[in-house]
S.K.: 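One structure coming up, written as structure tokens, with questions to follow.
Everything quoted here is computed from the prediction, not taken from an experiment.
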Amino acid sequence: MPYLFVDVWIKLDNNLSLAQKVDITRIPDFLLESYLPKWLSEQQVDSLLAKIQLKSSVDDLTKRLEFNDQTGKYQWIVFNTLYKGKCLSNEEILHIDTKTGAVLKHFEEQHLLMHCF
């Protein structure tokens with residue numbers, strides 16, 4: 001899946017000993033404890049989005065699974081492009097809970113492209 005952070009890094013010293021504690025916060029519990037995830041699939045997110053009154057889009061929806069550093073949990077992020085210009089776009093953005101499908105945030109934001117001019 002694009003945009004999904006899928007790497008875990010282990011920092012070693014010159015003797016190949018751990019140089020720092022291994023950070024496993026981004027590894028979902030179901031992988032650490034070997035059970036099947038109860039997360040919404042991308043198809044289930046599509047079904048949920050079909051029931052939500054999204055504004056008229058000028059492009060395909062972009063969906064990604066993203067780790068929220070503040071909550072320590074993954075969530076689905078959905079971008080609905082409302083306007084797409086040369087140097088900016090207007091997006092309707094939803095944050096969706098991976099387990100319940102609850103919409104955690106629903107807002108609009110303007111994105112500027114760097115080095116556009």
Side-chain angles (χ1 to χ4, degrees):
M1 164 159 289
Y3 309 108
L4 181 58
F5 181 80
V6 294
D7 299 325
V8 175
W9 296 90
I10 299 173
K11 195 168 192 173
L12 304 173
D13 63 17
N14 292 339
N15 298 321
L16 298 179
S17 298
L18 281 177
Q20 65 188 46
K21 183 180 175 187
V22 178
D23 181 9
I24 60 170
T25 55
R26 290 178 177 255
I27 300 174
D29 291 341
F30 68 85
L31 290 176
L32 294 173
E33 299 170 14
S34 297
Y35 63 87
L36 293 175
K38 295 178 182 157
W39 285 6
L40 296 175
S41 67
E42 188 171 357
Q43 293 76 18
Q44 289 171 313
V45 172
D46 288 339
S47 295
L48 176 71
L49 292 171
K51 299 174 187 173
I52 297 174
Q53 289 278 327
L54 295 176
K55 294 187 176 181
S56 181
S57 182
V58 298
D59 208 349
D60 292 335
L61 293 177
T62 300
K63 298 175 290 285
R64 67 184 188 210
L65 199 52
E66 188 173 287
F67 187 78
N68 183 324
D69 288 311
Q70 293 174 335
T71 64
K73 297 179 181 180
Y74 280 89
Q75 58 189 4
W76 281 100
I77 310 283
V78 179
F79 294 88
N80 181 26
T81 305
L82 306 175
Y83 169 80
K84 193 173 191 177
K86 179 181 176 188
C87 294
L88 62 89
S89 65
N90 292 337
E91 307 283 340
E92 180 179 20
I93 303 170
L94 290 91
H95 293 216
I96 299 173
D97 184 278
T98 55
K99 293 181 182 177
T100 66
V103 176
L104 305 171
K105 290 183 186 178
H106 187 173
F107 59 98
E108 288 184 31
E109 193 170 84
Q110 188 172 75
H111 295 165
L112 299 173
L113 296 177
M114 293 180 64
H115 311 294
C116 181
F117 301 101

S.K.: So which of H111, K63, E109 actually passes side chain to side chain contact (heavy atoms under 4.5 Å, CB included) with F79?
M.R.: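 Single side chain to side chain contact (heavy atoms under 4.5 Å, CB included) partner of F79 among H111, K63, E109: H111.
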S.K.: Considering residues at least two apart in sequence or located in another chain, which fulfil the salt bridge (Lys or Arg N to Asp or Glu O under 4.0 Å) criterion with D69?
M.R.: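 Partners of D69 by the salt bridge (Lys or Arg N to Asp or Glu O under 4.0 Å) criterion, ordered by chain and then number, come out as R26.
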S.K.: Please confirm whether the backbone N or O of T81 pairs with a side-chain atom of S57, one donor and one acceptor, at under 3.5 Å?
M.R.: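 Pair found, side chain donor or acceptor close to backbone of T81.
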S.K.: List the residues meeting ring-ring contact (aromatic ring centres under 6.0 Å, His included) with H95, not counting sequence neighbours, and say none if there are none.
M.R.: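 H95 satisfies ring-ring contact (aromatic ring centres under 6.0 Å, His included) with F107 once adjacent residues are dropped.
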S.K.: Determine whether L104 and I77 fall in the same hydrophobic cluster, where Ile, Leu, Val, Met, Phe, Trp and Tyr are linked whenever their side-chain heavy atoms lie under 4.5 Å apart.
M.R.: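 The answer is no; the residues belong to distinct hydrophobic clusters.
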S.K.: Measuring from N90:CG to N80:CG, what's the distance to the nearest 0.5 Å?
M.R.: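 That separation rounds to 11.0 Å.
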S.K.: Provide the closest heavy-atom pair for E91 versus S89 in the form atom of the first, atom of the second, distance.
M.R.: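 It is OE2-OG, 3.0 Å.
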S.K.: Do V78 and I93 have side-chain heavy atoms sitting under 4.5 Å apart?
M.R.: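 Side chain of V78 against side chain of I93, heavy atoms only: no contact under 4.5 Å found.
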S.K.: Using side chain to side chain donor-acceptor pair (under 3.5 Å) as the criterion, list what pairs up with T98, not counting sequence neighbours.
M.R.: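 Listed in chain order: nothing, the list is empty.
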S.K.: Would D23 and T25 count as a side-chain hydrogen bond (donor to acceptor under 3.5 Å, both in side chains) here? Give the steps.
M.R.: CA-CA 6 Å; D23 181 9; T25 55; 2.8 Å; yes
S.K.: Between E92 and K55, is there a donor-acceptor pair closer than 3.5 Å when you use the side chain of the first and the backbone of the second?
M.R.: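 Between the backbone of K55 and the side chain of E92 there is a qualifying donor-acceptor contact (under 3.5 Å).
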S.K.: Can you list the other members of the hydrophobic cluster that holds Y83, where links are side-chain heavy atoms under 4.5 angstrom apart?
M.R.: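 Taking Ile, Leu, Val, Met, Phe, Trp and Tyr as members, Y83 shares its hydrophobic cluster with L88, L112.
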S.K.: I need the R64 CZ to Q75 CD distance, nearest 0.5 Å.
M.R.: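 Between atom CZ of R64 and atom CD of Q75 there are 10.0 Å.
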S.K.: Identify, with sequence neighbours excluded, every residue that meets side chain to side chain donor-acceptor pair (under 3.5 Å) alongside N68.
M.R.: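 Expected list: none.
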S.K.: Would you say the side-chain atoms of W76 pair up with the backbone N or O of L40, donor to acceptor, closer than 3.5 Å?
M.R.: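 Side chain of W76 to backbone of L40: a pair is present.
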S.K.: Determine whether Q44 and S47 make a side-chain contact, defined as any pair of heavy atoms from C-beta on separated by less than 4.5 Å.
M.R.: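 Q44 does not reach S47 side chain to side chain.
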S.K.: Contact between L82 and E108 at the side-chain level, heavy atoms closer than 4.5 Å - yes or no?
M.R.: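 With C-beta onward as the side chain, the pair touches.
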S.K.: Identify, with sequence neighbours excluded, every residue that meets side chain to side chain donor-acceptor pair (under 3.5 Å) alongside S56.
M.R.: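 Residues passing side chain to side chain donor-acceptor pair (under 3.5 Å) with S56: none at all.
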S.K.: Mind checking whether L49 and L65 sit in one hydrophobic cluster, side chains of I, L, V, M, F, W, Y counted as touching below 4.5 Å?
M.R.: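 Cluster IDs for L49 and L65 match.
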S.K.: Would you call the rings of Y74 and W39 parallel, tilted or perpendicular, taking 30° and 60° as the class edges?
M.R.: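 Aromatic pair Y74/W39 classed tilted.
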S.K.: Looking at side-chain heavy atoms only, is the closest gap between K84 and D59 below 4.5 Å?
M.R.: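 A side-chain contact under 4.5 Å exists here.
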